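Below is one structure, written out as structure tokens; the observations come after it.
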Number of protein chains: 2
Amino acid sequence: MAVQDSRDDKMTISIHAFRRLPQYYNYLKLLRNAGVEQVSAPIIAKKMGLNEVQVRKDLAAVSERGGKPRTGFNVIELLRDIGRYLGYDNIQDAVLVGAGYLGSALLSYKGFEEYGVKIVAAFDNNNECVGSENFSRIIYPVDKLPDLCKRLNVRIGIITVPGESAQEICDLMVKSGIQVIWNFAPVHLLAAKEIFVQNENMAVSLALLSQHLAAHEEGAQ
Amino acid sequence: MAVQDSRDDKMTISIHAFRRLPQYYNYLKLLRNAGVEQVSAPIIAKKMGLNEVQVRKDLAAVSERGGKPRTGFNVIELLRDIGRYLGYDNIQDAVLVGAGYLGSALLSYKGFEEYGVKIVAAFDNNNECVGSENFSRIIYPVDKLPDLCKRLNVRIGIITVPGESAQEICDLMVKSGIQVIWNFAPVHLLAAKEIFVQNENMAVSLALLSQHLAAHEEGAQ
DNA sequence: TAGATTGTTAATCGATTAACAATC
DNA sequence: TAGATTGTTAATCGATTAACAATC
């Protein structure tokens with residue numbers, strides 16, 4: 001459950017804490033843009049609906065300089081520390097397979113680089129889009145994937161193909177040297193232990209929505 | 001941390017267990033489509049990388065009929081039980097605001113109904129898309145939102161606008177009677193306690209990818 | 001100084017896992 | 001019967017929260 005820190009010291013934080021960091025990051029960006037210079041853990045906690053001790057512990061794990069009694073944390077510095085911890089400062093190349101609607105939406109999204117990821121090439125076997133340009137990136141046929149990944153040393157693969165072909169694409173990516181896979185297809189991908197597969201599970205989210213409505217309904221009746 | 005069950009009995013499961021259910025669901029669908037009739041907890045556990053006791057407990061929480069020693073669980077029945085538990089059998093209407101690339105991708109996705117959600121209308125203030133059709137749904141100007149939501153008694157709202165306008169749309173949705181919000185904008189939305197906000201945080205996922213690469217890199221050097 | 005905030009140590013809470021009897 | 005699998009009770013593990021001394 002622990003996330004290995006990429007810095008020199010060997011501090012690790014829990015996966016739960018890790019998932020909270022981007023929340024802090026987004027909020028701190030808002031503060032910075034509004035010109036706010038200092039912020040305290042209680043304020044962050046209240047905004048995020050978290051416990052203030054938890055916030056302090058999370059921040060202590062990623063920021064060595066820490067906060068100051070009375071004044072709290074410096075927004076700019078904290079933002080930099082969290083960004084560094086999350087790898088947002090270190091842009092990695094990525095390839096995307098499946099240039100359908102979702103794939104195109106991701107290709108069009110300009111915010112990825114802000115979070116350390118840049119899509120350098122897209123692939124699809126659909127004849128309509130092969131060879132076409134999609135948001136200034138050419139869509140290549142899938143059989144060009146291994147060569148390109150090896151040549152550019154790409155390590156992140158994004159899968160936006162239908163469920164049926166996702167495992168096949170996953171296998172091809174692994175063969176091409178991809179180490180980290182971001183999967184949007186609604187299947188659980190099997191890969192060697194050293195490959196990290198991050199499933200973007202829409203089904204979970206949708207279930208949470210339905211669940212909440214159903215629970216609420218019962219309470220109301 | 002517990003999720004209120006929508007059925008008659010008052011059984012609750014942890015949010016962690018709840019999030020695993022769609023995984024089982026997807027896997028069971030594959031099995032059913034392959035004609036497999038029975039499956040055991042150890043097999044599911046191995047496939048999902050989970051502990052078999054955990055799987056058994058999760059399944060026990062949603063399926064009253066349970067499994068049989070030696071043979072395990074009936075795939076079809078289990079699928080039905082999980083689907084019912086997750087609300088996939090009870091389709092709810094939803095509205096979407098923000099018909100940009102991501103919004104369009106969601107509009108084009110035909111799988112939502114399988115998971116209990118149906119987008120009945122989309123809204124956007126961008127002149128280019130207002131009044132246009134996007135995947136056979138007309139895009140309405142945002143000021144039509146309250147009336148339509150109230151008229152159709154829509155309770156799910158999907159936000160795919162930029163971060164800057166997300167809170168404003170959130171507020172409008174709440175005023176329009178929306179009870180559950182699925183937020184794709186990279187901001188933490190503030191809403192009354194009884195409104196359920198599900199944040200689809202891409203920043204978390206991207207950070208996890210970077211993190212894994214960084215950790216791996218250090219180990220390799 | 002007084003008081004808000006910090007960081008840390010200890011207590012609590014809850015989820016996961018191990019052990020085991022029951023079943024077909 | 002033997003053995004795989006079930007469901008449950010107890011032990012373990014880890015995350016969250018409470019309590020508190022230190023600081024500016």
Side-chain angles (χ1 to χ4, degrees), chain A residues 1-5 9-21 23-24 27-28 31 36-75 77-78 81-82 85 204 208, chain B residues 1-5 9-21 23-24 27-28 31 36-75 77-78 81-82 85 204 208:
Chain A
M1 276 307 238
V3 176
Q4 180 68 49
D5 192 338
D9 57 60
K10 290 280 162 286
M11 184 185 290
T12 54
I13 65 171
S14 79
I15 183 71
H16 298 270
F18 189 88
R19 288 178 169 276
R20 284 189 294 267
L21 292 176
Q23 275 192 70
Y24 302 140
Y27 175 54
L28 289 166
L31 290 181
V36 178
E37 286 176 12
Q38 296 287 134
V39 67
S40 71
I43 290 176
I44 298 177
K46 194 171 181 201
K47 188 79 178 184
M48 307 271 115
L50 300 172
N51 179 290
E52 67 171 81
V53 180
Q54 192 171 52
V55 172
R56 237 176 259 126
K57 279 202 168 174
D58 290 347
L59 299 184
V62 299
S63 175
E64 281 173 30
R65 73 193 104 222
K68 286 205 186 74
R70 282 287 280 169
T71 51
F73 298 80
N74 179 290
V75 172
E77 291 176 348
L78 201 48
D81 287 342
I82 297 177
Y85 192 92
V204 173
L208 282 166
Chain B
M1 279 306 237
V3 175
Q4 181 67 47
D5 191 338
D9 56 61
K10 288 281 164 284
M11 184 184 290
T12 55
I13 65 170
S14 79
I15 183 70
H16 298 270
F18 189 87
R19 287 177 170 277
R20 285 189 293 269
L21 292 176
Q23 275 192 70
Y24 302 141
Y27 176 54
L28 289 167
L31 290 181
V36 177
E37 287 176 10
Q38 296 286 134
V39 66
S40 72
I43 290 177
I44 297 176
K46 195 171 181 200
K47 188 78 178 185
M48 307 272 117
L50 300 171
N51 180 290
E52 66 170 80
V53 179
Q54 194 171 50
V55 172
R56 236 177 259 126
K57 279 202 169 173
D58 291 347
L59 298 185
V62 298
S63 175
E64 280 174 31
R65 73 192 105 223
K68 285 206 187 75
R70 280 289 275 171
T71 52
F73 297 80
N74 179 289
V75 171
E77 290 176 350
L78 201 47
D81 287 341
I82 297 177
Y85 192 92
V204 173
L208 281 166

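Quantities reported herein were computed from a predicted structural model and do not represent experimental measurements.
Two residues are said to be in side-chain contact when any heavy atoms from C-beta on lie closer than 4.5 Å; A:Leu59 and A:Asp81 fail this criterion. Residues A:Leu21 and A:Val62 have side chains in contact (heavy-atom distance under 4.5 Å, counting atoms from C-beta outward). The shortest side-chain heavy-atom distance between B:Val39 and B:Asn74 does not fall under the 4.5 Å cut-off. Two residues are said to be in side-chain contact when any heavy atoms from C-beta on lie closer than 4.5 Å; A:Val75 and A:Glu37 fail this criterion. Contact annotation: the side chain of B:Arg19 approaches that of A:Leu208 to within less than 4.5 Å [non-hydrogen atoms, C-beta and beyond].
Per the geometry, CD1 belonging to B:Ile44 stands 12 Å off P belonging to D:dT5, to the nearest Å. Atom-to-atom, NZ of B:Lys46 to C1' of D:dA4 comes out at 15 Å; the value is rounded to the nearest Å. Atom CD1 of A:Ile13 is separated from atom P of D:dG14 by 16 Å (rounded to the nearest Å). As rounded to whole Å, 18 Å separates atom P of C:dA4 from atom CZ of A:Phe73. Between the P atom of C:dG7 and the CG atom of A:Leu78 lies a distance of 10 Å, rounded to the nearest Å. Between the CZ atom of B:Arg65 and the P atom of D:dG7 there is a distance of 13 Å, rounded to whole Å. Taking atom CZ of residue A:Phe18 and atom C1' of nucleotide D:dG14, one finds them 19 Å apart after rounding to whole Å. Computed from coordinates, the A:Asp58 CG to D:dT16 P distance equals 8 Å when rounded to whole Å.
Pairing for D:dT12 is with C:dA15, a Watson-Crick or G-U wobble pair whose two hydrogen-bonding atom distances lie under 3.5 Å. Searching all strands for a Watson-Crick or G-U wobble partner of D:dC20 with both distances below 3.5 Å returns C:dG7.
Across all strands, B:Ala17 comes closer than 4.0 Å to no nucleic acid atom at all (heavy-atom distances).
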Please output the side-chain donor-acceptor pairs of residues 47-56 of chain A that fall under 3.5 Å, not counting sequence neighbours, one pair per line with the distance.
{"unit_1": "A:Asn51", "atom_1": "OD1", "unit_2": "A:Val53", "atom_2": "N", "d": "2.7"}
{"unit_1": "A:Asn51", "atom_1": "OD1", "unit_2": "A:Gln54", "atom_2": "N", "d": "3.3"}
{"unit_1": "A:Glu52", "atom_1": "OE2", "unit_2": "A:Arg56", "atom_2": "NH2", "d": "2.4"}

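Ring geometry for A:His16 versus B:His16: interplanar angle over 60°, hence perpendicular rather than tilted (30 to 60°).
Each of B:Gly67 and A:Arg20 has a nearest nucleotide on DNA chain D; the 5'-most of these lies closest to B:Gly67.
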Provide a list of protein-nucleic acid N or O atom pairs under 3.5 angstrom, restricted to nucleotides 17-24 of chain C.
{"unit_1": "C:dT17", "atom_1": "O4", "unit_2": "B:Lys57", "atom_2": "NZ", "d": "3.1"}

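Side-chain atoms of B:Pro42 lie closest to D:dT5 of the nucleotides D:dT16, D:dT5, C:dA15.
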